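Just below is one structure, and these are the notes that go with it.
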Amino acid sequence: MQIRWTKLPFPARNEAEYRRGLNDWLARVFYEVLPEHGFEVREEQIYTAFRIARALTEGSTLLAEAGPGTGKTFAYLLPAVCHARMHGKPVVVASASGVLKAQLTGPDGDIQTLSRLLNLDIDARVAGNPADYVCELKVEAGDFWTGEEPEGWSDLIRWARRTATGARSEVPDVPDDLWEQISWDPSLSCDTCPRRGHCLMVAARRRHRDAADLVVCDHQLFAQDLLTRNDLLEGGMLPILPSYSAVIFDEGHHFPETWQRAQGWSLSQRRLKRTLERLEYWHAREQVAWRLEAALAAADGFLRALDLHTRPGEGKRDVDRTELLLKAASRLDRALDLLQTELVTEEAMSEGQESLAELQAHQNRIDEIRTALRLFRQPESVVWREGDELWVVPERPKPLFGGAHLAPGTPVIFSSATLEPEYQARVLGLGRFDQSRVGVPFDLARQSLVYLPPDGGAGGAGDAAVDAAVAEAVRVLHATRGRTLILLRSLAEVRRWRKALAAHDLPWPLIFEGDGDRGAQLERFRNEVDSVLVGASFWEGVDVPGEALSCVIIPYLPFPEHDPLIRERRAQAQAAGQDPFRAVDLPEMLIKLKQGIGRLIRTTRDRGVIALLDRSFVGSDFEEAVEAACPEGARRVSDLEEVAAFLSSEQ
Ligand code: SF4
């Protein structure tokens, strides 16, 4: 092992010295340096940092659960930088969202803060998604609109021709359907592209490739890299991410689904039609035009059948794969096959011309559609519609380690406020793993209260059950004087609650998800202190310290409902002789419940109430698990006067 000790913040000439030096240095940073600079350091944070340091050194997989407010980011960044310097290869930090990525890498983000405080000069680079960069080849062909140009198109093309970075972040308001016309997509044959030498997307990739300490990307990009890495290397090409010494997943509870989706395909109506329509402007032989016309007709037939076989609803909608729909998929596949045969002849005729790269990109796009159609026709796949997209994923995702994926011994850290280690390890096919768990660094017994209604529950789906749950929630709101977040399971439920709440003539501003921009709604909830926010997607990503969020009402335990991926996991658990409820539904529910409860206490000064209106867990065999998800040591009450007294008492 090559030790680049000159770059380490402590001297080390061998592995034993490195381990000792790292432990001493971490202790000094957490107990002396950070407090000297005014940082509140917590025991939970220090414990997590040492566990992560050990996992990195031992090359193991660690699922590290640390409650909100623990300071998880510092806990993984410090050992990660040392690990990267020790191995001479960066550590990948994969975050679940752009917001998290910005929190890490912004000028006042955690990486810069540590770099300044500790004089570490951390070299961290963001690996942007290639799809967030312009493809010059596409820009060149950017005049293919026959009818009226969509609004903003000429401005976008003007920008694309003069941008120095090609990054979408320069034009954040451009809608997806316009952006997709000019951005990189996986069908492009970049390795044979004549513009490769000066392409902005390739240049952006080169920048993050040279990172010495950290490469920050999102979960999706990491999954894409892992799935394509070996093939690219074998083909003599560079993979998406540089060679790395470890990977850390921030908000790691999101990765299992990202990993499964990354192994499938999504196909939108718009993309399918556009892929074919773009070929109409290819001045090809008559035979191509005939085949194209047939493919367009088959695509129309398939899309019509797909609409007919998609169940109504929101989120992931079921698709009934009837004989009729499967036949429509086969017809489209056959039509695309014939079209591709003609395009092969076109390719031969375009040899040596710049247009060849564009033609190959068309072929690759059609290949992707055909791969999705083939998987769609196989029973061993999971299929659903989400918005305009048709998703097709293999029913069993490949395991994260082994095969063409992560090499055994690569240290992997899943960091999150809510993990269900056994469940997540099973979904990812992790064989061996360690786990560490620390709660929140707050005095929850003093700062919070759990309210359970004296009897009944919020279960049931009929109007009477909804009215009863709403009536109970209204009683809670009177005790808390608004200042509440109500967490529901779907937007349909939000709409039902809106109707039922209207009958109660409440004196506080009510904000319903779906009425406006999510960020603006959160801002209003934060500023109008007595307001009530009702939503289905606020279980995560809501950070409202202070009085405005004094209560979280959870009317129903958030068991997963109509989700084809979950249904498939249940079936697999059953086939393996497990109880699907305990193996899948319960851990899924607990992850979400813990996220929701975690919205309440964000600082040492917060006080608040968790109102669990669904008492169905009381006396059940999962009562203990729900209890464990509730604030530790907090008093359980069933009297709303106690709730009112708690919130108005001295802090
Ligand atoms: S290398 Fe060529 S095909 Fe790939 S993104 Fe750049 S311009 Fe487009």
Side-chain angles (χ1 to χ4, degrees), residues 125-145 153 156-172 174 176-210 215 217-218 220-225 227-229 231-242 262 265-266 270-271 274-279 281-284 340 343-344 346-347 350-369 371:
R125 319 258 177 118
V126 176
N129 195 321
D132 287 334
Y133 287 89
V134 157
C135 163
E136 291 179 28
L137 211 60
K138 281 187 172 180
V139 172
E140 211 44 46
D143 54 354
F144 64 90
W145 303 101
W153 177 249
L156 181 62
I157 289 294
R158 253 197 307 281
W159 166 82
R161 289 198 170 124
R162 62 177 159 71
T163 173
T165 68
R168 189 177 187 178
S169 53
E170 283 188 21
V171 283
V174 171
D176 288 351
D177 56 339
L178 287 199
W179 179 254
E180 281 170 13
Q181 302 311 309
I182 60 162
S183 61
W184 176 90
D185 70 69
S187 65
L188 296 164
S189 305
C190 295
D191 42 306
T192 55
C193 172
R195 286 155 194 269
R196 189 177 168 77
H198 47 89
C199 167
L200 294 171
M201 188 282 289
V202 175
R205 232 180 229 194
R206 221 173 282 133
R207 271 195 297 280
H208 74 244
R209 197 167 288 290
D210 295 334
V215 176
C217 65
D218 57 29
Q220 203 190 344
L221 192 72
F222 181 80
Q224 242 178 54
D225 171 74
L227 290 165
T228 54
R229 192 170 191 86
D231 284 348
L232 288 171
L233 285 170
E234 274 166 25
M237 289 172 268
L238 288 173
I240 299 171
L241 297 176
W265 283 265
S266 74
R270 195 184 60 223
R271 216 174 316 130
R274 278 275 160 79
T275 300
L276 296 176
E277 281 165 5
R278 285 186 85 147
L279 271 168
Y281 306 100
W282 186 265
H283 304 293
Q340 282 196 307
L343 290 177
V344 170
E346 286 290 313
E347 276 182 56
S350 306
E351 202 59 60
Q353 297 172 28
E354 194 167 286
S355 56
L356 181 63
E358 206 187 321
L359 195 52
Q360 282 168 342
H362 284 306
Q363 285 280 43
N364 292 343
R365 274 181 216 121
I366 297 172
D367 272 343
E368 282 203 356
I369 295 169
T371 311

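Atoms within a ligand are numbered from 1 in the order they appear, just like the ligands themselves. Just so you know, residue 1 is the first one in the sequence shown, and it goes up from there. Remember, predicted model here, so these are calculated numbers, not experimental data.
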Q. To which protein heavy atom is atom 4 (Fe) of ligand 1 closest, and what is the distance rounded to 0.1 Å?
A. C190 SG, 2.4 Å
Q: Identify, for atom 8 (Fe) of ligand 1, the protein heavy atom at the shortest distance, and state residue, atom and that distance.
A: C135 SG, 2.4 Å
Q.
Under a 3.5 Å cutoff, is there a donor and acceptor pairing between the side chains of D367 and Q340?
A. yes
(Q) Taking E180 first and then R274, would you say they form a salt bridge - that is, a charged N and a carboxylate O separated by under 4.0 Å? (A) no
Q. Should D231 and M237 be marked as a side-chain contact (heavy atoms from CB on, under 4.5 Å) after you check the CA-CA gap, both sets of side-chain angles, and the distance that decides it?
A. CA-CA 8 Å; D231 284 348; M237 289 172 268; over 6 Å; no
Q.
If you define the side chain from C-beta out and look only at heavy atoms, does anything of L227 sit under 4.5 Å from F222?
A. no
Q | Which residue and heavy atom of the protein sit nearest atom 2 (Fe) of ligand 1, plus the separation | A | C193 SG, 2.3 Å
Q) In ligand 1, which numbered atoms sit nearer than 4.0 Å to a non-hydrogen atom of W184? A) 5 (S)
Q. Looking at atom 6 (Fe) of ligand 1, what's its closest protein heavy atom, distance included?
A. C199 SG, 2.3 Å
Q: May I ask you to decide whether D185 forms a salt bridge with R271, counting only side-chain N to carboxylate O separations under 4.0 Å?
A: no
